[in-house]
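Values below: every heavy atom of this structure, side chains too, minus hydrogens, waters and symmetry copies. Please read these numbers as outputs of a predicted model, since none were measured by experiment. Convention: sequence-line order gives letters A, B, ...; per-chain numbering from 1.
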Amino acid sequence: MELTLLPKRKRTHYCGEPGLEDVGKEVVLMGWVHRRRDHGGLIFIDLRDRTGIIQVVFSEDIDPEAHKLAHRLRSEYVVCVVGKLRRRPEGTENPNIPTGEVEVEGHELYILNTSQTPPFPIEDEVNVAEEVKLKYRYLDIRRPRMFRNLLIRHKAALSVRKYMDEQGFLEIETPVLTKSTPEGARDFLIPSRLHPGKFYAMPQSPQLFKQMLMIAGIDKYFQIVKCYRDEDLRADRQPEFTQIDIEMSFADRDDVFAVVEGLLERMFKETIGVEIETPFPRYTYQEVMDRFGSDKPDTRFGMELCDVSDIVADSEFRVFTEVLKKGGQVKGLVAPGCAKLSRSQIEELTEFVKIFKAKGLAWMRVTPDGVDSPIKKFFPEGTINALLERMKPNPGDMLFFIADQPKIVADALGNLRLRLGRELGLIDENRLDFLWVVDFPLFQWNEEENRWESEHHPFTAPNYEDLHLLDEDPGKVRSQSYDLVINGMEIGSGSVRIHDTELQRKIFRILNLSEEEIQLRFGFFLEALKYGAPPHAGIALGFDRLVMIMAGGQSLRDVIPFPKTQRGICLVTGAPSEVTEEQLKELHIKVDLEEK
RNA sequence: GGGCUCGUGGUGUAGCCUGGCCUAACACGCCGGCCUGUCGAGCCGGAGAUCGCGGGUUCAAAUCCCGUCGAGCCCGCCA
């Protein structure tokens, strides 16, 4: 095949651009052969680039040489076409593509490169195994949908930089090779060649650096920054991901909220043309746990949880009463129209709630003449009536109940709510529900390690009204942290930070860190706090997740050009991979693999 | 660490439950030929699969069993 290595002409248009106004002009196009329709004497080529598709016609009449060469074109060949733009003959217009009223007479054709037959067609709505798409990611990205997603990503980042700049924030880079500070996610480690036996860590977030930038007087900082966490993957979790990291001095929670609300308003407008409503509603942690069984509630539909502990307390149903005696609770929800569920469907839901440690799922069908349930006999009529009165079901609905410790009830019933909401089609996919969750507890008790841990992170300031509780009842202390939630997904998390050395020390001690550990891990930071640290607050927003929401994707992989598989492998490069003995030796590393 | 779903020509599926009629079917793609208005072009012809891998059961395995690898979703984990 005769290739033209260097096109002799400069591109005049992208494939998606020419229209009726360009008819008569000579155009020079570069692109990939999307499809070839070879009629023998007449050949149609759909030429594609990132902007779209345009039809090129080759024939004896137009140019015999180009026509002859066009027979050799195949899918994904890279070509340069020079030709005159003309209006398509009447009746042959294609209303399905933006350039469908015109076509290019193929006067000159240069084949810039050939291509193997692609493993899958370059089209949206391809039904191909994730494995294949990820291995040939560069072909996957040729699909218009993927390109659009990356374009959205680009526009979103641009919008962030413009807005933050206008608000007086400086984008400042922080190190990628940094210090391991356990507490939190597992670190990715990097061995040091110059310091045998020592390691850098990749940042889980630039948390301490941005706080030190506040101490440095930067005042308003932001960064679109990669973060790394060596934990298992999910549809919404990749080991390396991007945050919009923000920190501001002399600011409180409301200042942060105002900046973020303005930022998102601007981003959604400029990126996908959607107007969002600000300010976002605020919920306390306690409220969302009670009502939705989740600290990141999806408020696009109702079906809220209902505490019925007091009503069922004096029933004969042991499953409920025993749990209540042990300090547990009984909560339920109304599943609209679900009285018609079969035994096996209920069984499936029971299996589902067991994933979240619930021991079972009690149910009552609501019929026009009362309730129908295997456990009905344990409840006096008054109790049933009280349940109906509180939960307010309609005939045809189903009541589901879970009895257990509060955390399990919230988890199981909250997830049941989400599943039913999805399966019953109660979620309006066009809706965007932004909300803040505030007043998180400062600590949570770690059963296994028998100690308090930070709910957010150890640099989060306690609610100053609760300071007196730090010693007597740490579990009751509220923090000045906050989460941003969109459509039931955690999008951001931040807090007012501790800027006082003594308070910071105290928190470390409650977390059961010895003086020695504190010094070893965070000594440098405590030292920094001593030199006039201003009060400051900040937040980090999950950029990939935001882009995913704007792009309407189901997985983070949809908006990351080269993502990892669920087992953390990059299928394009094959990373992670083994390295040579020499490399290991230089790093003073011996690999100790278990024999299989 | 655990649970569930999936793995059959290049791609997507059928066949698997109920083993033999499978010499593995279909669509798209691919290769060759014909073809001047197609745009999922059409028509004719053709190539292409040790049914992810290993072991077992059986006269006989794509099909049943065990193990293993890979992809996905979830639990744990993710300050």
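When the nucleotides B/rC74, B/rU11, B/rA71 are ranked by their closest atom to the side chain of A/Q566, B/rC74 comes out on top. Of the candidates B/rG12, B/rG70, B/rC77, B/rC77 carries the atom nearest the A/R237 side chain, counting heavy atoms from C-beta on.
Taking atom C1' in both B/rA14 and B/rC6, one finds a spacing of 15 Å when rounded to whole Å. Comparing the same atom, C1', in B/rG42 and in B/rA24 gives a spacing of 29 Å after rounding to whole Å. Atom name C1', nucleotides B/rA62 and B/rU23: the rounded distance is 15 Å, in whole Å. Distance noted for atom C1' between B/rC30 and B/rA71: 26 Å (whole Å). Remark: the separation of the P atoms in B/rG67 and B/rU5 is 14 Å, to the nearest Å. If you take atom P in B/rC75 and the same atom in B/rG12, they sit 27 Å apart, rounded to whole Å. Separating the P atom of B/rA61 from that of B/rC39 is a span of 48 Å, rounded to the nearest Å. B/rC44 and B/rG29 are spaced 15 Å apart, taking the P atom of each and rounding to whole Å.
Here the P atom of nucleotide B/rG2 and the CD atom of A/E351 are 19 Å apart, to the nearest Å. In this structure, NZ of A/K133 is placed 11 Å from P of B/rG72, rounded to the nearest angstrom. The separation between A/F120 atom CZ and B/rU13 atom P is 14 Å, rounded to whole Å. The separation between A/R48 atom CZ and B/rC39 atom C1' is 15 Å, rounded to whole Å. We find that CD of A/Q116 is positioned 13 Å from P of B/rG10, with the value rounded to whole Å. The NZ atom of A/K135 sits 12 Å away from the C1' atom of B/rG10 (whole-angstrom rounding). The nearest whole Å value for the distance from the CG atom in A/L139 to the P atom in B/rG10 is 16 Å.
An OP1 or OP2 oxygen of B/rC73 is reached within less than 4.0 angstrom by a side-chain nitrogen or oxygen of A/R557. Checking the phosphate oxygens (OP1, OP2) of B/rA71, a side-chain nitrogen or oxygen of A/R567 falls inside 4.0 Å. OP1 and OP2 of B/rC39 both lie 4.0 Å or more from every side-chain N or O belonging to A/N96.
B/rC26 is paired with B/rG12 under the Watson-Crick or G-U wobble criterion, all donor-acceptor distances under 3.5 Å. With a cut-off of 3.5 Å on both Watson-Crick or G-U wobble distances, the partner of B/rU63 is given as none. The base-pairing partner of B/rG45, taking Watson-Crick or G-U wobble contacts with both distances under 3.5 Å, is B/rC31.
Using the six-membered ring where Trp is involved, A/F522 and A/F508 have ring planes that are parallel, under 30° apart on the 30 and 60° scheme. Using cut-offs of 30° and 60° for the angle between ring planes, the A/F525 and A/F459 rings count as perpendicular.
Counting all heavy atoms, side chain and backbone alike, A/R253 lies closest to A/D439 at NH1-OD1, 4.1 Å.
Using a 4.0 Å heavy-atom criterion, one finds that A/D232 contacts the bases of the nucleic acid, with or without backbone contacts as well. Residue A/D38 is in base contact, counting any heavy-atom pair closer than 4.0 Å across all strands shown. Nucleic acid contact for A/R419: none, since no nucleic acid atom lies under 4.0 Å from a heavy atom of the residue. Within the 4.0 angstrom heavy-atom criterion, base atoms lie near A/R234. Across all strands, A/S205 comes closer than 4.0 Å to base atoms (heavy-atom distances). Residue A/Q204 is out of contact with every strand shown, counting any heavy-atom pair closer than 4.0 Å.
A donor-acceptor pair is defined here as one N or O able to donate and one able to accept, closer than 3.5 Å; no such pair exists between the side chain of A/D46 and the backbone of A/H34.
A/E240 and A/K564 are joined by a salt bridge, as a carboxylate oxygen and a charged side-chain nitrogen come within less than 4.0 angstrom of each other.
The side chain to side chain donor-acceptor pair (under 3.5 Å) contacts involving residues 482-492 of chain A comprise A/D483-A/S493, where partners must be two or more places apart or lie in separate chains. Evaluation of the side chain to side chain donor-acceptor pair (under 3.5 Å) test over residues 97-106 of chain A, restricted to residues two or more places apart or in two chains, returns A/Q55-A/E103, A/R86-A/E103, A/R86-A/E105, A/E105-A/H107.
Remark: A/R419 is positioned above the aromatic ring of A/F352, its terminal NZ or CZ atom under 6.0 angstrom from the ring centre and at most 45 degrees off the axis.
A search for salt bridge (Lys or Arg N to Asp or Glu O under 4.0 Å) contacts involving A/R417 returns nothing, not counting sequence neighbours. Partners of A/Y136 by ring pair (Phe, Tyr, Trp, His ring centres under 6.0 Å), not counting sequence neighbours: none found. For the salt bridge (Lys or Arg N to Asp or Glu O under 4.0 Å) test, residues two or more places apart in sequence or in another chain that qualify with A/K210 are A/D245, A/E247. The side-chain contact (heavy atoms from CB on, under 4.5 Å) check on A/E90 picks up A/E93, with sequence neighbours excluded. The salt bridge (Lys or Arg N to Asp or Glu O under 4.0 Å) search around A/E527 returns A/K530, not counting sequence neighbours. Remark: A/V78 pairs with A/W32, A/L112, A/N113 by the side-chain contact (heavy atoms from CB on, under 4.5 Å) rule, at least two apart or across chains.
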Find every protein N or O atom lying less than 3.5 Å from an N or O atom of nucleotides 36-38 of chain B, and list the pairs.
unit_1	atom_1	unit_2	atom_2	d
B/rU36	OP2	A/H39	O	3.3
B/rU36	OP2	A/G41	N	3.0
B/rU36	N3	A/D61	OD2	3.2
B/rU36	O4	A/D61	OD1	2.7
B/rU36	O4	A/D61	OD2	3.1
B/rG37	O6	A/R86	NH2	2.7
B/rG37	N1	A/E103	OE2	2.9
B/rG37	N2	A/E103	OE1	2.5
B/rG37	N2	A/E103	OE2	3.3
B/rU38	O2	A/R37	NE	2.6
B/rU38	O2	A/R37	NH2	3.2
B/rU38	O2	A/Q55	OE1	3.3
B/rU38	N3	A/Q55	OE1	2.8
B/rU38	N3	A/Q55	NE2	3.0
B/rU38	O4	A/Q55	NE2	2.9
B/rU38	O4	A/R88	NH1	3.2
B/rU38	O4	A/T92	O	3.4

Taking N or O atoms only and anything under 3.5 Å, show me the protein contacts with nucleotides 25-31 of chain B, one pair per line.
unit_1	atom_1	unit_2	atom_2	d
B/rC31	OP1	A/R74	NE	2.8

Pairs: protein N or O with nucleotides 3-7 of chain B N or O, under 3.5 Å:
none

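With a 6.0 Å radius and a threshold of 12 heavy atoms from other residues, nucleotides or ligands, A/R87 has its CZ atom at or below the threshold.
Between A/T501 and A/Q504, the side chains place no donor N or O within less than 3.5 Å of an acceptor N or O (distance only, hydrogens not considered).
Within residues 353-361 of chain A, the residues having any heavy atom under 4.0 Å from RNA chain B are, by residue number, A/I355, A/F356, A/K357.
Contact annotation: side chain of A/R229 to base of B/rC78, donor-acceptor pair absent below 3.5 Å.
Taking the six-membered ring for Trp and the full ring otherwise, the centers of A/H71 and A/F58 sit at least 6.0 Å from each other.
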